[in-house]
Amino acid sequence: MFNTHNRPRIMLATACLLVASIGSLPSVAQTKRSPVAPNRERVEAAVREAYEKFRSDTNGKNADYIPYLAQVDSKMFGIAVVTTDNQVVTLGDVNYSFSIQSISKVFTLALAMGELGPDKVFEKIGSEPTGRPFNSPLAVVDMPTHTGNPLVNAGAIATTSLIPGRNAAEKWNKILDFYSRAAGEKLVLIDEVYKSEAATNTGNKALSYLLAKYDRIYADPFESVDIYTKQCSVGVNATQLARMGATLANNGINPATGEQVIKSEDIPHILSTMTMAGLYDGSGGWAWRVGLPAKSGVGGGIVAIAPGKGAIAVFAPPLDEAGNSVKAQEVIDYVAQQLNYNLYSPSSVGLK
Ligand code: DON
């Protein structure tokens, strides 16, 4: 059987095997492969189909209350999936750095819990949906906790105010460093976004003083708003955002670097908060349709987390009335269905 005539074929087969095994050499993260991480071909197909299906949807409108955001090209569209075993699947405008905006709130919450413990954060901020727009002063007045939850502006500014540090610069550096560790790459501030937002954020300043009236802000109100404005102006591309999400999906361990960035015991608190309030007054409908914790930002990004499996990040600037990217919602909904990600569906963990 192994005659000379077959030798080239045998050599070719051996070479193929070698390439295949090199391709699957375990990286830091793959040595702890999640048993539920999805198969790459399925992810690629779902991403490709979603991109084609929704690329020409022109619904929604760029945020314009932050002047910089109104100028961003509305046609940009990028999808990135990072799995817990660090497979990366991307399509479209995935290298453009957009402002993380409200998605930052998730990671400042994670940092605050790491620094103070989850109980303290729950006591100081709470975790109740407001049922109101993300920047609502009425929610601050109405809610028994006043802060509502860490993902609306008031609760987020209060969460930022909890970050310990000797001065504003130290607090800010701690936040930026933490985001970078979650992304697995050094992230930077987009200075024009920061300046544009800092010049127009009177509403957030008002929220910070309203919180002070109820003793629900824990550092200087305007200093806290300034640090919060910087955190919202951090630039991420879709791939970096997906990796930040995959860190949450992977029990707090960055799948690319292997670093435990977020304590695993904090993850359920973060993901449940995202489920209740991640898409603000659109969160109920989102949970009903998609069944995944997610967070949106007015920069046009949304990241959704499939615990144990991975994260889907989409960047597309036009937003709906609640401030959530229209195309990002459509894509995540579609990809999550194709990959059977809905947390509330027992079939997502293999039950037939
Ligand atoms: O404070 C603000 O209004 C913005 N920096 C962030 C708001 C935001 O991203 C809401 N998201 N969908």
Side-chain angles (χ1 to χ4, degrees), residues 60-70 72 98-109 129-137 139-140 147-161 172 175 179 189-211 217 221-236 241 244-245 273-286 293-304 313-329 332:
K61 194 168 153 300
N62 281 30
D64 57 7
Y65 75 99
I66 299 169
Y68 178 99
L69 298 180
V72 175
F98 56 94
S99 54
I100 189 168
Q101 294 297 343
S102 281
I103 306 167
S104 67
K105 295 166 178 171
V106 172
F107 295 91
T108 299
L109 167 65
T130 65
R132 298 213 191 239
F134 62 81
N135 50 6
S136 169
V140 179
T147 35
N149 66 68
L151 303 183
V152 291
N153 287 13
I157 295 165
T159 307
T160 300
S161 80
W172 159 238
I175 290 171
Y179 293 6
L189 180 82
I190 307 177
D191 205 44
E192 294 104 297
V193 176
Y194 169 62
K195 289 202 176 103
S196 180
E197 185 161 348
T200 51
N201 62 358
T202 47
N204 284 338
K205 287 180 179 146
L207 289 177
S208 75
Y209 257 77
L210 202 48
L211 288 168
I217 190 156
F222 281 7
E223 176 194 282
S224 304
V225 171
D226 188 53
I227 300 171
Y228 162 85
T229 307
K230 282 190 174 138
Q231 75 177 48
C232 290
S233 309
V234 168
V236 283
L241 183 58
M244 293 173 90
T273 305
M274 290 170 77
T275 299
M276 287 182 300
L279 267 68
Y280 308 112
D281 35 340
S283 301
W286 176 260
K295 185 72 205 82
S296 61
V298 287
I302 300 186
V303 64
V314 181
F315 166 60
L319 311 177
D320 66 12
E321 289 293 310
N324 303 317
S325 165
V326 173
K327 279 215 269 282
Q329 290 179 79
I332 295 170

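Counting convention: from 1, in listed order, for ligands and their atoms alike. Since the model is a prediction, treat every value here as computed from it, not as a measurement. FYI, the numbering just counts along the sequence from 1.
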Donor-acceptor check, side chain of [X] to backbone of [Y], threshold 3.5 angstrom: yes or no?
| X | Y | value |
| --- | --- | --- |
| Ser233 | Leu189 | no |
| Lys295 | Val303 | no |
| Asn153 | Ala156 | no |

Who are the residue neighbours of ligand 1 when the rule is a heavy atom under 4.0 Å from any of its atoms?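 Lining ligand 1 at under 4.0 Å, by heavy atoms, one finds Tyr65, Gln101, Ser102, Phe134, Asn153, Glu197, Asn204, Tyr228, Cys232, Tyr280, Ser296, Gly297, Val298, Gly323.
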
Residues in ring pair (Phe, Tyr, Trp, His ring centres under 6.0 Å) with Tyr179, at least two apart?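 With neighbours one apart ignored, the set is empty.
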
Side-chain donor-acceptor contact under 3.5 Å, Tyr280 with Ser102: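 Distance-only check passes for Tyr280 and Ser102.
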
Does the side chain of Asp226 pick up a donor-acceptor pair with the side chain of Tyr194 at under 3.5 Å?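 Looking only at side-chain atoms, Tyr194 and Asp226 do form a donor-acceptor pair, the distance falling under 3.5 Å.
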
